[in-house]
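Data first, discussion second: the structure below is written as C-alpha cells.
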Protein chains: 2
Amino acid sequence: MTIRTKPAEILPLNTILAGDCVEMMNSLPEASIDLIFADPPYNLQLKGQLHRPDNSEVDAVDDHWDQFDSFAAYDQFTRDWLAAARRLLKPNGAIWVIGSYHNIFRVGATLQDAGFWILNDVVWRKSNPMPNFRGKRFTNAHETMIWASKSEGAKYTFNYEALKSLNEGIQMRSDWVLPICNGGERLKDAQGEKAHPTQKPEALLHRVLIGSTNPGDVVLDPFFGTGTTGAVAKMLGREFIGIEREAAYREVATARIAKVRKFDREALTVTASKRAEPRVPFGQLVERGMLRPGEMLVNQRGQAARVRADGTLATDGFNGSIHQVGAHIEGAPSCNGWTYWHFRKDGQTIPIDLLRQQIRSEMT
Amino acid sequence: MTIRTKPAEILPLNTILAGDCVEMMNSLPEASIDLIFADPPYNLQLKGQLHRPDNSEVDAVDDHWDQFDSFAAYDQFTRDWLAAARRLLKPNGAIWVIGSYHNIFRVGATLQDAGFWILNDVVWRKSNPMPNFRGKRFTNAHETMIWASKSEGAKYTFNYEALKSLNEGIQMRSDWVLPICNGGERLKDAQGEKAHPTQKPEALLHRVLIGSTNPGDVVLDPFFGTGTTGAVAKMLGREFIGIEREAAYREVATARIAKVRKFDREALTVTASKRAEPRVPFGQLVERGMLRPGEMLVNQRGQAARVRADGTLATDGFNGSIHQVGAHIEGAPSCNGWTYWHFRKDGQTIPIDLLRQQIRSEMT
DNA sequence: CTCAACTCTGAATCGGTAG
DNA sequence: ACTACCGATTCAGAGTTGA
C-alpha cells in the first residue's frame, strides 16, 4: 500500500536514532517518510532569573540545546534541518512544526523559502498556561504549530471526518484548546524532577496524527525528546522513527514507549469535554460596543454607576468591577453584578446578563 | 490631505494622508509616534495587487519559481514599510501588526531583523469564522497579531491593570476571542456591498489601544482602509494619523470617523497600576510620628523588629530597610516590607501599608 | 472515608528610579 | 555608563495534608 522507491527495509522503524538530527536524517532514504512532527529548540533568550510573587523561583528552560548565538545562527540551523526533513518526505508527505513567538516566525518563513506549502497555522491554546508574573505582558497562553505539505499542490492526508467526529460533529478549527502536560502524564526522573523541560501533551499529537496520517504511515520526529510522538504513534498504529541527541531523553522515551499498548480503545476515546458555560468578562460588552464608556447602569432601586472604558464601574468614591461596586452599594460581601445591574434601552430597564447571553450564543 | 514631500513641522493629527505608506511615513518627523497599528496586505502573489515602494506593480506569477520571486518582493515591501515605521516611532513606542499564515511569518522575521523586539504574539480567535467549505483543511479560525517594541529594553506602554479589569480581574491572555466585523458595524458602500474586504472589528482596536496607549497618544495606521483604527482612537481620546492610497476607502473612513463621538474623560479613566503611585519612604512614617523609634513591628508569625530613628529596622544581628529585614528573615530574594510588617494598635495588628496609604491620600 | 485548605509548578525573551 | 535598592507581581490544575 505504500510506494517504495528505495529499500524500505533499511528504515529503522520504531526505534530512536542517537545523534544529530541532520546527520541522522541524511542517513535515511529519501522520500520514505509520510509525516514529520518537529518540536525544535525555541531559542528562548532568557536573561536573569524570574521569581513568582511568592518568591519561589521559576524553573526556566536554560538547557544548552536551546542556546544559539544569534538569529543568523538559528536560521542556519533551521534551514539545515528543514532541508534534510524535506528530502525525507514522500511527495505527498507533510510536516508539522511547533514553536513560540521567539522562533516560529523564522521557522515559518524558512519553511516557505524551502518550498514547503503552508496548509494551516494551528494555535494550541493552553487552558492552564504559566501566568505572567511581573504584569508586564500578556499571559503567554498559546503556542503555534505550522502544518505544511512538501510542496504546493501535493495531495496531503487530511482526515476531515475523523477530526469532525473528535470535535463533536463540528468541523475542526485552527485553534485547539488543550491543557499543558502535567499530572501523571508528565515524565519524571529518578529524583522526581521532570525528565524533560518541554514535554508536549499526548492529546496534541493524538489530534495531529489522527488528522494527518493513516494507520501504518511512517512518522518521523527529529527532536524526539521523551518521545511523545512515538508513544502516540504506537497507540494509534502508526510507525515512528525518533532522533535524539541526549542519551537521558532516549532512555526515558524507550521505557515510556515500551509501556504503551497499541489500539487501546479506552486511551483513544477522547474524553467528552465537560464544557462549562464560557466565561464572558464584562469588559467585552464595552469593547464590543454593547455598552459605551460613560453610559449609566442602574440597580433595582435606580441607583446608578458609570461604565468606564476598561470595563469597571464608577460611583461616587468607589470604582471596581460590576460585582465589587454592587457589593459595595449593598454593603454585602459579594454580589452578582450580571443580575444586579441593568441598562436602559427604549425606556426599558434590562439586565446586563442579557448581553452576556447574547455573546455566549455567538460563541457556540 | 495634501501629499507632503518635506518633513512636517507639525504632525497632521486626525487626518488621513493620501498616498503610498512608505512615502507618507517618510514625510513625517522621526520619533514622533507612540503606537503604530498595521494591517498590511497579505501576501497576494496571485492577485497582482502587490506594489513596490516605488509604486511599480509586482508582476506576480503563480508558478513555482515565481513564488520565490514573490516572497522576495513581499519581503522587500515589508522591510521598506517597517523601516519607515520604525523611524517614526518614539524610543518607547511600539507596533502591532496583524496577519494570517500567508504573511505573518515573513512579517515577524522581518520585524526581528529590523531590530524590533517582540513582546507577545496575540491570537485573535474568531468566534464566527468562515467555515472551510471544501473540508480539506482546518477552519481558518484565527489571525495573528505581533506586538513589538522599537527595540530591546524599551519602556513600552502596557496598561496591565486596565486590561485585567477588562477581563474581570484575571490577567489578559495572548488569545482573544472576538467576533469578526459584521452587522451594523460593517461598512457598506452605496450598492450595499461591503466597503472593504477585511474590515477589522472595533473591539480588537479597543483592546489594543486601551492596553498599549494612553489618552493623548498619537497612533499611526499606515494601511488605514476604512479607518477602524481612527474611529476607535477618536472614541478613546487618542490622536490618529491614517495613510491610505485608495480614495474610496478614504472617503468611507472620513465619513465614518466624523460620526464617532469621543467618550468623556471620566469614562476613559482607567484602573491605574500601583507602580504609578508616588513613592513614600518608610522613614517618613517615623519622621511624622506615625511610628516611633523603638516601636516594635511584627510579621504574620509574630517575629518582631525594632524601628530606628533613621527609618531602618533592627533585629538581632541584622539591620536594614523594611524590605531587607523582611527578606533576611524569610531567606527570600526580596520582600515587600509594606505588606510584610505590621504595627499593633488597640490590640489589633495592622499592616504598615495602611499608614502609607494615609500619607498618599493627604498628598492629593 | 470526605472535603477543605494548602502547596507546588508550567517553553518566560517579565523594573524603575535615584545616585 | 553602572550600582543599589525599593517594592510590585500569578492562573489553573494536580497533589498533599489534615481535620
Side-chain angles (χ1 to χ4, degrees), chain A residues 39-63 65-68 71 74 98-104 124 126-144 177 179-186 188 192-194 196-201 223 225 279, chain B residues 92 112 116-121 147-149 152-156 158 160-161 164 167 169-174 273-283 311-312 320-324 326-327 332-341 352-353 356:
Chain A
D39 182 8
Y42 287 8
N43 189 25
L44 300 186
Q45 297 156 52
L46 307 178
K47 301 293 192 295
Q49 290 211 320
L50 182 63
H51 292 89
R52 298 187 173 82
D54 65 3
N55 276 324
S56 66
E57 196 170 301
V58 174
D59 182 17
V61 178
D62 52 3
D63 304 72
W65 47 255
D66 199 42
Q67 310 296 325
F68 293 84
F71 281 138
Y74 187 79
I98 184 167
S100 68
Y101 67 84
H102 311 84
N103 71 324
I104 197 65
W124 168 27
K126 303 178 184 182
S127 56
N128 50 348
M130 176 144 57
N132 185 294
F133 297 115
R134 303 298 293 267
K136 301 306 290 181
R137 302 184 177 187
F138 298 97
T139 309
N140 209 348
H142 74 275
E143 295 188 24
T144 301
V177 182
I180 60 175
C181 180
N182 57 13
E185 190 186 321
R186 188 80 192 220
K188 304 283 166 55
E193 302 290 314
K194 57 190 175 192
H196 192 283
T198 69
Q199 186 183 342
K200 296 293 177 289
F223 306 98
R279 198 176 64 88
Chain B
N92 294 328
Q112 291 179 310
F116 288 98
W117 192 247
I118 297 183
L119 299 167
N120 276 114
D121 59 337
W147 175 41
S149 60
E152 184 182 359
K155 294 174 187 167
Y156 54 90
F158 184 58
Y160 176 76
E161 292 294 341
K164 196 170 164 179
N167 197 31
I170 295 168
Q171 74 179 194
M172 190 71 81
R173 300 167 38 119
S174 60
S273 157
K274 280 188 196 164
R275 290 186 176 100
E277 305 249 7
R279 205 175 80 84
V280 176
F282 175 73
T312 57
S321 71
I322 52 171
H323 313 296
Q324 289 166 337
S334 70
C335 170
N336 185 343
W338 290 107
T339 53
Y340 183 79
W341 293 108
I352 58 174
D353 201 31
R356 180 171 65 160

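Note that these values count all heavy atoms, side chains included, but never hydrogens, waters or copies made by symmetry. To find a chain, count down the sequence lines: A is the first, B the second, and so on, and within it residues start at 1.
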Item to complete: Report yes or no: do B/Asn167 and A/Arg279 form a side-chain donor-acceptor pair below 3.5 Å?
Response: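 Judged by distance alone, the side chains do pair up.
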
Worksheet item: Are A/His102 and A/Ser100 close enough that a side-chain donor and a side-chain acceptor fall under 3.5 Å?
Response: yes

Could you check how far [atom1] of [X] sits from [atom2] of [N], rounded to whole Å?
{"X": "B/Leu119", "N": "C/dG15", "atom1": "CG", "atom2": "P", "answer": "12 Å"}
{"X": "B/Asp121", "N": "C/dA12", "atom1": "CG", "atom2": "C1'", "answer": "13 Å"}
{"X": "B/Arg173", "N": "C/dA11", "atom1": "CZ", "atom2": "C1'", "answer": "15 Å"}
{"X": "B/Arg275", "N": "D/dA8", "atom1": "CZ", "atom2": "C1'", "answer": "5 Å"}
{"X": "B/Ile118", "N": "C/dA11", "atom1": "CD1", "atom2": "C1'", "answer": "15 Å"}
{"X": "A/His142", "N": "D/dC11", "atom1": "NE2", "atom2": "C1'", "answer": "17 Å"}
{"X": "A/Leu44", "N": "C/dA12", "atom1": "CG", "atom2": "P", "answer": "7 Å"}
{"X": "B/Asn120", "N": "C/dA11", "atom1": "CG", "atom2": "C1'", "answer": "14 Å"}

Considering just the side-chain nitrogens and oxygens of [X], establish if one lies under 4.0 Å of OP1 or OP2 belonging to [N].
{"X": "A/Lys200", "N": "C/dA11", "answer": "no"}
{"X": "B/Arg356", "N": "D/dC6", "answer": "no"}
{"X": "B/Ser321", "N": "D/dC5", "answer": "no"}
{"X": "A/Lys47", "N": "C/dA12", "answer": "no"}
{"X": "B/Tyr160", "N": "D/dT10", "answer": "yes"}
{"X": "B/Arg279", "N": "D/dG7", "answer": "yes"}
{"X": "B/His323", "N": "D/dC6", "answer": "no"}

For the student: nearest non-hydrogen atoms of [X] and [Y], plus distance:
{"X": "A/Lys200", "Y": "A/Cys181", "value": "C-CB, 4.0 Å"}
{"X": "A/Asn128", "Y": "A/Ile180", "value": "OD1-N, 2.9 Å"}
{"X": "A/Gly192", "Y": "A/Lys188", "value": "O-CD, 3.3 Å"}
{"X": "B/Gly337", "Y": "B/Ile352", "value": "O-CD1, 3.6 Å"}

Fill in: Rounded distance [0.5 Å steps], NZ in A/Lys126 versus NE2 in A/His142
9.0 Å

Considering every strand and a 4.0 Å limit on heavy-atom distances, what is the contact class for [X]: base, sugar-phosphate, or nothing?
{"X": "A/Leu46", "answer": "base"}
{"X": "B/Pro333", "answer": "nothing"}
{"X": "A/Thr198", "answer": "base"}
{"X": "A/Asn140", "answer": "sugar-phosphate"}
{"X": "A/Asp39", "answer": "base"}
{"X": "A/Ser127", "answer": "sugar-phosphate"}
{"X": "A/Glu57", "answer": "nothing"}
{"X": "B/Glu152", "answer": "nothing"}

Worksheet entry | Sequence-aligned protein contact record of nucleotides 2-10 of chain C, with B where the base is within under 4.0 Å of a protein heavy atom and S where only the sugar-phosphate is | -------BB

Discussion item. Closer than 3.5 angstrom, by distance alone: can the side chain of B/Asn92 be matched with the main-chain N or O of B/Lys155 as a donor-acceptor pair?
Written reply: yes

Worksheet item: Does B/Ser334 make a side-chain donor-acceptor contact with the base of D/dA8, cut-off 3.5 Å?
Response: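 Such a pair is found, so the answer is yes.
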
Discussion item. Using side chain to side chain contact (heavy atoms under 4.5 Å, CB included), reason through A/Ile98 and A/Tyr42 one step at a time and then give a plain yes or no.
Written reply: CA-CA 9 Å; A/Ile98 184 167; A/Tyr42 287 8; 3.6 Å; yes

Worksheet entry | B/Lys155, nearest nucleotide to its side chain (from D/dA8, D/dT10, C/dG16) | C/dG16

Worksheet entry | Residue A/His102, side-chain heavy atoms: nucleotide from C/dA12, D/dT9, C/dA11 that is nearest |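 Selected nucleotide (nearest to the side chain): C/dA12.
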
Worksheet item: Under 6.0 Å from the NZ atom of A/Lys47, do we count more than 12 heavy atoms belonging to anything else shown?
Response: yes

Practice prompt. Convert the base pairs of DNA chain C into dot-bracket notation, remembering that pairs crossing earlier ones are written with [ ] and that bases paired across to another strand are shown as |; include only Watson-Crick or G-U pairs under 3.5 Å.
Written response: .|||||||||....|||||

Worksheet, complete the sentence: Note: for A/Asn55 and A/Gly184 on DNA chain D, the residue whose nearest nucleotide lies more 5' is A/Asn55

Worksheet entry | Nearest-Å distance once atom C1' is located in both D/dT10 and C/dT9 | 11 Å

Worksheet entry | Same-atom distance (P) from D/dA8 to C/dA11, integer angstrom |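 These two P atoms come out 30 Å apart once rounded.
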
Worksheet item: According to the interplanar angle, ranging from 0 to 90°, do the rings of B/Trp147 and B/Tyr156 count as parallel (below 30°), tilted (30 to 60°) or perpendicular (above 60°)?
Response: perpendicular

Worksheet item: Please walk me through it: do B/Phe158 and B/Leu119 pass side chain to side chain contact (heavy atoms under 4.5 Å, CB included)?
Response: CA-CA 11 Å; B/Phe158 184 58; B/Leu119 299 167; over 6 Å; no

